[in-house]
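Notes to accompany the following structure.
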Amino acid sequence: MPGHRSITEAEKLAAAKLGGIPIRHEQMAVVANIHRAASAVRQHLENSVLRGSDLTWTAFVVLWVVWIWGESETRHVAEEAGISKGTLTGVARTLEARGLMRRGGHPTDGRLVLLSLTAEGEELMRRVFPQFNEEEAFVAEQLDDDECRSVADGLRRVVLQVEEHGEERRRALLNGAEPALRSSGRRPKPKA
C-alpha cells in the first residue's frame, strides 16, 4: 500500500524523532499501539466479513449495540457506539431502509426515539457475528488464551482509568475550563 509504514518502521521513526525528549516511552507505546491495533482490526473486519454483508464498521457497531442491549434510546446507542447523534441518525436511516432496524417513538416522551432490530436485523446479527468472531480469532492468533485474557484485562483497565478519572484529569489540565464538545455536539454534563 503506497504511503503505508509497518509498525516496526513507525516505531523506529518515532524513537529517532523523540530520542532526546524526556517522555514516558512505555506508556506512549501502549497508547500508540491501541490506536494502531484498533485501526488495523477495523480495516481488516470492514474489508472482510463486514463487506460481505454490505456493512460499515459503524453500522455493525450500531447493530451490535442494539442487538445486545435491546430496544434503546438513540442517545444511549450513540454514546455506546462512540458516535454523534447526527451520525447515528444517518446510520439508523440506512439500516431502517435495509429493513434491519426500526425507529419508534418513546412511550412517555415524544422527543425521544427508540431503536430496535427487526427480525431481519436479528437474523443478520446471528449469521454475521460468528463470522465476525472468526476474524477476531484470526487477528488475535499470535496470542494464546492466557495472553488474550491478559491483553483484554490491560485494555479494560485503560478504559476504566479514563472512565473513572478522565473527567477530573481533563478539568485539571484545562484549569477548570469546560472540555471541548463531545462527538454528540454537546458539552459533557458537570459532575455533582
Side-chain angles (χ1 to χ4, degrees), residues 30-118 120-122 124-125 128-129 132-133 135-136 139 152 155-192:
V30 167
V31 173
N33 286 328
I34 287 170
H35 173 73
R36 287 184 74 96
S39 295
V41 169
R42 176 181 176 157
Q43 186 174 38
H44 173 74
L45 289 165
E46 276 191 327
N47 290 321
S48 60
V49 67
L50 297 180
R51 178 173 284 183
S53 296
D54 195 27
L55 292 172
T56 63
W57 175 265
T58 303
F60 176 78
V61 171
V62 168
L63 287 168
W64 168 261
V65 168
V66 178
W67 189 45
I68 296 301
W69 288 92
E71 184 176 65
S72 302
E73 291 180 22
T74 53
R75 62 185 167 155
H76 298 303
V77 174
E79 186 175 326
E80 191 67 27
I83 59 176
S84 70
K85 288 193 323 186
T87 297
L88 175 62
T89 298
V91 171
R93 284 184 178 149
T94 299
L95 294 171
E96 185 178 34
R98 289 184 58 189
L100 302 172
M101 183 166 280
R102 188 173 26 255
R103 293 183 308 152
H106 192 279
T108 60
D109 188 339
R111 299 169 296 173
L112 301 177
V113 175
L114 298 174
L115 297 177
S116 59
L117 296 189
T118 62
E120 294 84 7
E122 291 277 344
L124 175 76
M125 291 304 289
V128 169
F129 189 73
F132 187 91
N133 183 247
E135 292 311 302
E136 289 176 317
V139 300
L155 292 172
R156 184 175 188 279
R157 288 185 289 156
V158 168
V159 171
L160 286 172
Q161 172 67 13
V162 174
E163 286 180 352
E164 294 172 359
H165 306 287
E167 183 70 23
E168 179 183 334
R169 176 71 172 177
R170 286 186 294 271
R171 289 198 181 280
L173 291 170
L174 297 170
N175 295 319
E178 284 294 316
L181 296 177
R182 292 189 305 193
S183 60
S184 65
R186 295 183 311 175
R187 295 197 186 279
K189 292 180 183 174
K191 289 194 175 183

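None of these values were measured; they are calculated from a predicted model.
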Residues pairing under side chain to side chain donor-acceptor pair (under 3.5 Å) where one sits in residues 59-72, two or more places apart or in two chains, turn out to be Trp67-Glu122
Sequence neighbours excluded, the answer for side-chain contact (heavy atoms from CB on, under 4.5 Å) partners of Gln161 is His165
Is there a side chain to side chain contact (heavy atoms under 4.5 Å, CB included) between Leu117 and Leu100? Walk through the geometry before answering.
CA-CA 6 Å; Leu117 296 189; Leu100 302 172; 5.8 Å; no
Would Leu88 and Val62 count as a side chain to side chain contact (heavy atoms under 4.5 Å, CB included) here? Give the steps. CA-CA 8 Å; Leu88 175 62; Val62 168; 3.8 Å; yes
May I ask you to test the Arg98-Leu55 pair for a side-chain heavy-atom distance under 4.5 Å? yes
CG of Leu95 to CG of Leu115, rounded to nearest 0.5 Å, is 9.0 Å
Hits for side chain to side chain donor-acceptor pair (under 3.5 Å) against Glu80, two or more places apart or cross-chain, chain-then-number order -> none
CZ of Arg42 to CZ of Phe60, rounded to nearest 0.5 Å, is 12.5 Å
Rounded to the nearest 0.5 angstrom, the CE-CD distance for Met125 and Glu120 is 14.5 Å
Sequence neighbours excluded, the answer for side chain to side chain donor-acceptor pair (under 3.5 Å) partners of Thr87 is Ser84
Sorted by chain and residue number, the side-chain contact (heavy atoms from CB on, under 4.5 Å) partners of Val41 (sequence neighbours excluded) come out as Leu45, Val139
Residues pairing under side chain to side chain donor-acceptor pair (under 3.5 Å) where one sits in residues 48-62, two or more places apart or in two chains, turn out to be Asn47-Arg51
Correct closest heavy-atom pair for Leu50 and Phe132 would be CD2-CD1, 4.1 Å
Give a yes or no on whether a salt bridge exists between Arg171 and Glu168, defined as a side-chain N under 4.0 angstrom from a carboxylate O. no
Hits for side chain to side chain donor-acceptor pair (under 3.5 Å) against Glu73, two or more places apart or cross-chain, chain-then-number order -> Arg75
The salt bridge (Lys or Arg N to Asp or Glu O under 4.0 Å) partners of Glu96 (sequence neighbours excluded) come to Arg103
**Item:** Min side-chain heavy-atom separation Arg169-Leu173 under 4.5 Å
**Value:** yes
Hits for ring-ring contact (aromatic ring centres under 6.0 Å, His included) against His44, two or more places apart or cross-chain, chain-then-number order -> Phe138
Could you go through Arg93 and Thr89, starting from their C-alpha distance and side-chain angles, then the distance that decides it, and tell me whether this counts as side chain to side chain contact (heavy atoms under 4.5 Å, CB included)?
CA-CA 6 Å; Arg93 284 184 178 149; Thr89 298; 3.6 Å; yes
Walk me through whether Thr118 and Met101 qualify under side chain to side chain contact (heavy atoms under 4.5 Å, CB included).
CA-CA 5 Å; Thr118 62; Met101 183 166 280; 5.7 Å; no
Those residues at least two apart in sequence (or on a different chain) that pass side chain to side chain donor-acceptor pair (under 3.5 Å) with Asn133 are Glu136
Across all chains, not counting sequence neighbours, the salt bridge (Lys or Arg N to Asp or Glu O under 4.0 Å) partners of Arg157 are Asp153
Heavy-atom nearest pair, Val65 first then Ala81, reads CG2-N, 4.3 Å
